[in-house]
Amino acid sequence: MCTHLLTDVEDRIVLLIDLDYFYAQCEEIRHPEFRGRPVAVCIYSGRTENSGAVSTANYEARRIGIRSGIPIIAARRMVTQDTVFLKADLDYYDAVSMRVMSLLRMFSQKMEQASVDEAYLELRGKSYEEAEEIARQIKELIRKSEGLTCSIGIGKNKLIAKMASGVNKPDGLTVVRPEEVDTFLLSKKPGDLYGVGKVTESKLSEMGIETIAQLRDAPLSRLQSVFGSSMGLWLYNASRGIDDSPVEERKREQYGRIVTLKENTRDRDTLIQEASRLVPEVISMVQEDRQQFRTLSFIGILEDLSIRTKNRTLNEPTDNAQDVYAVLPQLIDSFLSEHTALIRRIGIKVSNLSEKKGQKKLLDFS
DNA sequence: TTCATGACCTC
DNA sequence: CCTTGTGTCATGAA
């Protein structure tokens, strides 16, 4: 049963606004001299000179094979003379993002920021023509105020809006009206469904499902027995263009930070020292948001890149670093006793959040 | 409820 | 050969 059908699904229109090649576009704005040249924004791990990955590439860079996620060293082999490699400046991109998001809020009270460069807007009581006009205004406003281009998808739900936004990139605007959903989806492959990744796609392929039409032919019961009840139902619905998930601002449920170690190790003192450096960064984010947490996790990424975790849930919520420093060595010790491989990256994460009562509030009759 | 793992996301 | 970083959701076991 659907739990959130308080709304008339028929009359909503969803827009997905996606800022194009966001990090790289931000860099083009403060460095206009880079426009027209391949730009790769990178996250350096600090292991060796060129270790790390490309975070975002502009279209010129993509044209020569430099894409998100590839190792910097691999990208270096593809360069043309005018290619630019930049270190990601996340604070700067965050600041730009926040300004854009506040612009978007002017167009609807119902908004969901999906990531640093994406947001859903829900419109009600509007035609698709009117929605398209609003999308044009949004594009113009973002271009005028920040100099950024974006791609917008419009559809009857988040799934369709998101997939529509990908059709005309960059600087695109794509409307998929309800009567066009079937044609639109049938022109796609299962792997194009937002939420179907490599693993699911190849599992489907093994089942002989290579098209959306074939996915529709699969009985719900079969999908659920293979993919689990939730994912199975989701696939069943998504292949039909059905997605009831609401557009709503969601609260953060965890705060974490991960780093790559200078070299693979399982030396206890090194791990404690490196993990401890992350504590203040995570704690300050938590405190800024006036949150408390009960669960602390130590994350280790082993040399084979597999991810392992150790958690501890406290009896009482806390927001202070001392409690973390007290538990961290225990988590690390049990981690080391359970895993024998060398560790490549480590992180910490806090979750099980609750709001900390603000002292400013003198009266609370809730 | 807690813990551990895995899939997915996208820059 | 090389593979950053952050967060959400789901599942299965204890």
Side-chain angles (χ1 to χ4, degrees), chain A residues 16 18-27 39-48 50-58 61-62 66-77 86-90 93-94 96-97 112-118 162 165-166 169 191 193-203 224 227-235 245 250-261 278 281-282 285 294-315 331 334-335 338-339 344-353:
Chain A
L16 185 274
D18 182 326
L19 300 168
D20 297 320
Y21 59 100
F22 182 52
Y23 294 176
Q25 210 191 343
C26 286
E27 295 294 349
V39 175
V41 177
C42 304
I43 293 176
Y44 291 89
S45 67
R47 260 202 167 199
T48 65
N50 277 321
S51 62
V54 174
S55 180
T56 315
N58 69 357
R62 291 178 202 191
I66 299 176
R67 288 163 206 289
S68 295
I70 70 169
I72 294 166
I73 212 116
R76 288 260 175 215
R77 293 188 211 113
L86 300 172
K87 178 178 179 314
D89 179 355
L90 299 175
Y93 313 140
D94 267 343
V96 175
S97 168
E112 176 179 335
Q113 182 172 348
S115 68
V116 69
D117 70 327
E118 278 188 3
K162 170 71 185 171
S165 77
K169 275 187 176 184
L193 294 171
Y194 184 71
V196 174
K198 269 188 164 145
V199 176
T200 307
E201 185 178 24
S202 59
K203 225 193 249 184
Q224 288 187 307
F227 295 98
S229 61
S230 174
M231 182 65 167
L233 178 60
W234 183 85
L235 283 168
S245 59
R250 279 177 300 182
K251 280 191 244 165
R252 229 220 284 197
E253 308 218 345
Q254 57 182 234
Y255 297 80
R257 186 115 169 68
I258 294 179
V259 290
T260 299
L261 301 170
L278 306 178
E281 306 190 43
V282 172
M285 290 192 284
R294 279 185 61 215
T295 304
L296 172 68
S297 308
F298 172 79
I299 302 155
I301 291 137
L302 307 179
E303 49 189 342
D304 66 356
L305 295 183
S306 66
I307 301 168
R308 297 289 179 269
T309 58
K310 286 310 281 184
N311 308 320
R312 170 82 51 90
T313 299
L314 309 171
N315 291 324
L331 291 177
S334 69
F335 188 100
E338 278 175 44
H339 306 290
R344 179 185 176 93
R345 303 165 62 199
I346 59 165
I348 63 171
K349 176 180 86 177
V350 300
S351 56
N352 224 325
L353 303 175

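Just so we're clear, the structure is a prediction, and the values are computed from it rather than from any experiment. Reminder, nothing fancy here: chain letters follow the sequence lines and each chain counts from 1.
With sequence neighbours excluded, the residues forming a side-chain contact (heavy atoms from CB on, under 4.5 Å) with A:Leu302 are A:Asp304, A:Ser306, A:Arg308, A:Phe335, A:Ala341, A:Ile343, listed by chain and number. By the ring-ring contact (aromatic ring centres under 6.0 Å, His included) test, A:Tyr44 is found to be paired with no residue, residues two or more places apart in sequence or in another chain being considered.
Using a 4.0 Å heavy-atom criterion, one finds that A:Lys203 contacts no nucleic acid atom at all. Nucleic acid contact class of A:Tyr93 (heavy atoms, under 4.0 Å, all strands): none. Looking at heavy-atom distances under 4.0 Å, A:Arg294 makes contact with sugar-phosphate atoms alone, never a base. Backbone-only contact: A:Val259 has heavy atoms under 4.0 Å from sugar-phosphate atoms and none from a base. Residue A:Val196 is in sugar-phosphate contact alone, with no base atom involved, counting any heavy-atom pair closer than 4.0 Å across all strands shown. Within the nucleic acid shown, A:Ser68 comes within 4.0 Å of at least one base atom, counting heavy atoms only. Residue A:Arg344 is in sugar-phosphate contact alone, with no base atom involved, counting any heavy-atom pair closer than 4.0 Å across all strands shown. Residue-level contact check: A:Arg308 touches the backbone only, with heavy atoms under 4.0 Å from sugar-phosphate atoms and none from bases.
Atom-to-atom distance recorded for A:Tyr255:OH and A:Leu353:CG is 6.0 Å, nearest 0.5 angstrom. To the nearest 0.5 Å, the span separating CD1 on A:Ile72 from NZ on A:Lys87 amounts to 10.5 Å. Atom CZ of A:Arg62 and atom OG of A:Ser68 lie 6.0 Å apart (nearest 0.5 Å). Taking OG1 from A:Thr295 and CD from A:Gln254, the interatomic distance works out to 10.5 Å, rounded to the nearest 0.5 Å. Once rounded to the nearest 0.5 Å, the distance linking CZ of A:Phe298 with CD1 of A:Ile348 reads 9.5 Å. Rounding to the nearest 0.5 Å places CZ of A:Arg294 at 7.0 Å from CG of A:Asn315.
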What do the steps show when you test A:Glu281 against A:Arg257 for salt bridge (charged side-chain N to carboxylate O under 4.0 Å, His left out), and what is the final call?
CA-CA 8 Å; A:Glu281 306 190 43; A:Arg257 186 115 169 68; 2.5 Å; yes
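The P atoms of C:dG5 and B:dC8 are separated by 22 Å, rounded to the nearest whole Å. Between C:dT3 and B:dT10, the two P atoms lie 23 Å apart (nearest whole Å).
No side-chain donor-acceptor contact under 3.5 Å links A:Ser165 and A:Asp18. With hydrogens and angles left out, the side-chain atoms of A:Thr309 and A:Ser297 include no donor and acceptor closer than 3.5 Å.
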Could you go through residues 194-203 of chain A and list every donor-acceptor pair under 3.5 Å that involves a side-chain atom there, pairing it with any protein atom two or more places apart or in another chain?
| from | atom 1 | to | atom 2 | distance (Å) |
| --- | --- | --- | --- | --- |
| A:Ser202 | OG | A:Lys198 | O | 3.2 |
| A:Ser202 | OG | A:Val199 | O | 3.2 |

Which letter, B, S or -, goes with each nucleotide of nucleotides 8-14 of chain C from 5' to 3', with contact meaning a protein heavy atom under 4.0 Å?
BSSS---
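Going from atom CZ of A:Arg77 over to atom P of C:dC1 covers 11 Å, rounded to whole Å. Rounded to an integer number of Å, the gap from A:Leu261 CG to C:dG5 C1' is 14 Å. When rounded to the nearest whole Å, the span between CZ of A:Arg345 and P of C:dT3 equals 10 Å.
Distances shown here put a side-chain N or O of A:Arg257 below 4.0 Å from the OP1 or OP2 atom of C:dT6.
Near DNA chain B, meaning a heavy atom under 4.0 Å away, the residues from residues 50-57 of chain A are A:Ser55, A:Thr56.
The nucleotide range of DNA chain B contacted by chain A, defined by atoms under 4.0 angstrom from heavy atoms of the protein and reported 5' to 3', is B:dT2 to B:dC11.
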